[in-house]
Amino acid sequence: GPAQGGTLVTVSGVNFGFQPMDLQGVTFNGQPCAVQMFSVSMGIQCRTPSLARSTPGTFPAEVSTRINGLDSKGSGGRFEFRPTTVDSASPSRVITNGRPLVTIRGNYLLFAGRMTSVKIGTLDCTQVSINNTVIQCRSPGGAAPTQTTLEVSIDNFRYTRPFTITADPTIEQPARTRAIVAGGVNVVFTGTNLDVPLVKQATFTYREETRVVVACTSDGPTRLICPTPAVDVLGIVVTVSLNLDSFARPQFSQLTYESTPVFSQQDYVLINNVAMQVLSINVSPYRVVASSRPD
């Protein structure tokens, strides 16, 4: 159990006495184990002491009794006190109706037969997976926006950190209506709370059954940027839908795919008696010409 104590252990044996007053105490490494139950037939149940300020280790249970005025002491069994720690918990911010995974990293987080509890405020963070170094849980949905805490508890071990529940994002339709066949054009969604740590994706759908999912990034709380994928048909109309992790908020936009720009390098020309190199960019129905010195 954790070195911070609080683990309920059962000590079984004989000659513990015939009534509760016969039991003088149970200790581990000289520290008292708080007796919760004494039974002649079932033994003793007690909660382990905290050894967090001393060296954790494995120690036997020492039982002291006084029966008919005679003191006796016995020891047996072994209990390992492990130095449980939490090093990090992320994210520290979620939205009201999103349910992203919260990942907690540390050491000695898993103990057989006992529950590791994670709460965000007063609500349970539903455990998804746990091993000795990592806990993953699904954050609760439906909580009102607030500043609260995340708490990890294993028996008497406690870890707390500040935690923020933010209002759900709002998202506006993007202004862009055209893209190029080669892809790579940024579609920018605007709104609020778009920098919350969520899995941000856009799905581009064309020909009804063809779907391409791309990762989006936010460059602040008001902008979400999604690059367009390449398509193989000119003039096709593509529908864009947006999903933010478990917070499904599809926003539909339509893009018309046009020709990819063609770059052509032309001969040097003299402009004001200076040799300049001309670059022509052709994108129907536009043509852009730029020049530069051949340094």
Side-chain angles (χ1 to χ4, degrees), residues 1-13 16 20 23-39 42-65 73-94 99-140 143 147-165:
Q4 291 78 5
T7 304
L8 187 66
V9 297
T10 300
V11 181
S12 302
F16 288 160
L23 179 64
Q24 297 299 294
V26 181
T27 61
F28 287 93
N29 195 34
Q31 301 297 315
C33 188
V35 175
Q36 307 295 305
M37 185 275 293
F38 171 80
S39 169
M42 297 179 61
I44 305 164
Q45 284 190 332
C46 64
R47 291 200 178 274
T48 57
S50 172
L51 299 186
R53 295 184 180 182
S54 60
T55 303
T58 302
F59 304 98
E62 299 177 340
V63 180
S64 301
T65 61
K73 184 177 292 187
S75 65
R78 302 187 73 81
F79 185 86
E80 184 179 0
F81 291 83
R82 293 181 171 181
T84 298
T85 59
V86 169
D87 301 320
S88 65
S90 63
S92 60
R93 181 182 174 209
V94 299
R99 300 199 65 205
L101 283 177
V102 176
T103 300
I104 299 156
R105 301 184 186 276
N107 289 291
Y108 299 112
L109 301 176
L110 177 62
F111 296 96
R114 284 190 303 292
M115 175 63 97
T116 298
S117 169
V118 182
K119 286 185 176 291
I120 295 175
T122 59
L123 301 176
D124 289 328
C125 190
T126 306
Q127 198 172 107
V128 174
S129 64
I130 181 171
N131 59 40
N132 214 27
T133 59
V134 178
I135 302 170
Q136 284 195 314
C137 61
R138 182 74 62 185
S139 63
Q147 297 288 332
T148 185
T149 58
L150 178 143
E151 180 180 84
V152 182
S153 59
I154 312 170
D155 296 335
N156 280 353
F157 171 79
R158 296 289 185 275
Y159 166 86
T160 60
R161 65 158 298 163
F163 200 86
T164 303
I165 300 175

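Values in this document were obtained by computation on a predicted structure and should not be read as measured data. Note that the numbering runs from 1 along the sequence shown for the chain.
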> Hey, mind stepping through T126 and R99 against side chain to side chain contact (heavy atoms under 4.5 Å, CB included) and telling me if it holds?
Replying inline: CA-CA 10 Å; T126 306; R99 300 199 65 205; 3.6 Å; yes
> With sequence neighbours left out, what residues match R93 under side-chain contact (heavy atoms from CB on, under 4.5 Å)?
Replying inline: T164, T166, N193, D195, V196, P197
> Hey, mind stepping through I165 and I120 against side chain to side chain contact (heavy atoms under 4.5 Å, CB included) and telling me if it holds?
Replying inline: CA-CA 9 Å; I165 300 175; I120 295 175; 4.3 Å; yes
>> Using the rule given for side chain to side chain contact (heavy atoms under 4.5 Å, CB included), can you reason through T84 versus Y159, listing the C-alpha separation, both sets of side-chain angles and the distance that settles it, and then say yes or no?
In response: CA-CA 10 Å; T84 298; Y159 166 86; over 6 Å; no
> Quick one: side-chain contact (heavy atoms from CB on, under 4.5 Å) partners of T27, sequence neighbours excluded?
Replying inline: E62
>> Ignoring hydrogens, what is the shortest heavy-atom contact between T7 and P2? Give both atom names and the distance.
In response: OG1-CD, 3.5 Å
> Step by step, would you call R138 with L101 a side chain to side chain contact (heavy atoms under 4.5 Å, CB included)?
Replying inline: CA-CA 5 Å; R138 182 74 62 185; L101 283 177; 3.8 Å; yes
>> Could you work out, with side-chain hydrogen bond (donor to acceptor under 3.5 Å, both in side chains) as the rule, every residue matching T133, not counting sequence neighbours?
In response: N131
> Who passes salt bridge (Lys or Arg N to Asp or Glu O under 4.0 Å) against R82, sequence neighbours left out?
Replying inline: E80
> Can you pull the ring pair (Phe, Tyr, Trp, His ring centres under 6.0 Å) pairs that have at least one residue in residues 119-138, sequence neighbours excluded?
Replying inline: none
> When rounded to the nearest 0.5 angstrom, what distance separates CD in Q4 from CG in D155?
Replying inline: 9.5 Å
> To the nearest 0.5 Å, how far apart are CE in M37 and CD1 in I44?
Replying inline: 9.0 Å
>> Can you give me the closest heavy-atom contact between P140 and C125, atom names plus distance?
In response: CD-CA, 4.3 Å
> Can you tell me how far CG of L123 sits from OG1 of T148, rounded to the nearest 0.5 angstrom?
Replying inline: 8.5 Å
> Got a sec, which residues hit side-chain hydrogen bond (donor to acceptor under 3.5 Å, both in side chains) with D87, two or more places apart in sequence or on another chain?
Replying inline: none
>> Please enumerate all residues that pass ring pair (Phe, Tyr, Trp, His ring centres under 6.0 Å) together with F28, with sequence neighbours excluded.
In response: F79, F81
>> Can you list everything that forms a side-chain hydrogen bond (donor to acceptor under 3.5 Å, both in side chains) with N132? Sequence neighbours excluded, please.
In response: none
> Do any N or O atoms from the side chain of Q36 and from the backbone of A34 form a donor-acceptor pair under 3.5 angstrom?
Replying inline: yes
>> Under the rule for ring pair (Phe, Tyr, Trp, His ring centres under 6.0 Å), what residues qualify as partners of F59, not counting sequence neighbours?
In response: none
> About how many Å separate SG of C46 and CG of L8, when rounded to the nearest 0.5 Å?
Replying inline: 7.5 Å
Using distance only, find each side-chain donor-acceptor pair of residues 103-112 under 3.5 Å and give its atom names and separation, not counting sequence neighbours.
unit_1: T103; atom_1: OG1; unit_2: Q136; atom_2: NE2; d: 3.1

> Does some side-chain heavy atom of I135 sit less than 4.5 Å from a side-chain heavy atom of V118?
Replying inline: yes
>> Run the side-chain contact (heavy atoms from CB on, under 4.5 Å) test against S12 and tell me which residues pass, sequence neighbours left out.
In response: T10
>> If the condition is side-chain contact (heavy atoms from CB on, under 4.5 Å), which residues does R78 pass it with, not counting sequence neighbours?
In response: T58, P60
> At what distance, to the nearest 0.5 angstrom, does CG of N29 lie from CG of L51?
Replying inline: 5.5 Å
>> Does any part of the side chain of C33, heavy atoms only, come nearer than 4.5 Å to the side chain of V9, both counted from C-beta?
In response: yes
> Where is the tightest heavy-atom contact between P49 and P32, given as atom of each residue plus distance?
Replying inline: CB-O, 3.2 Å
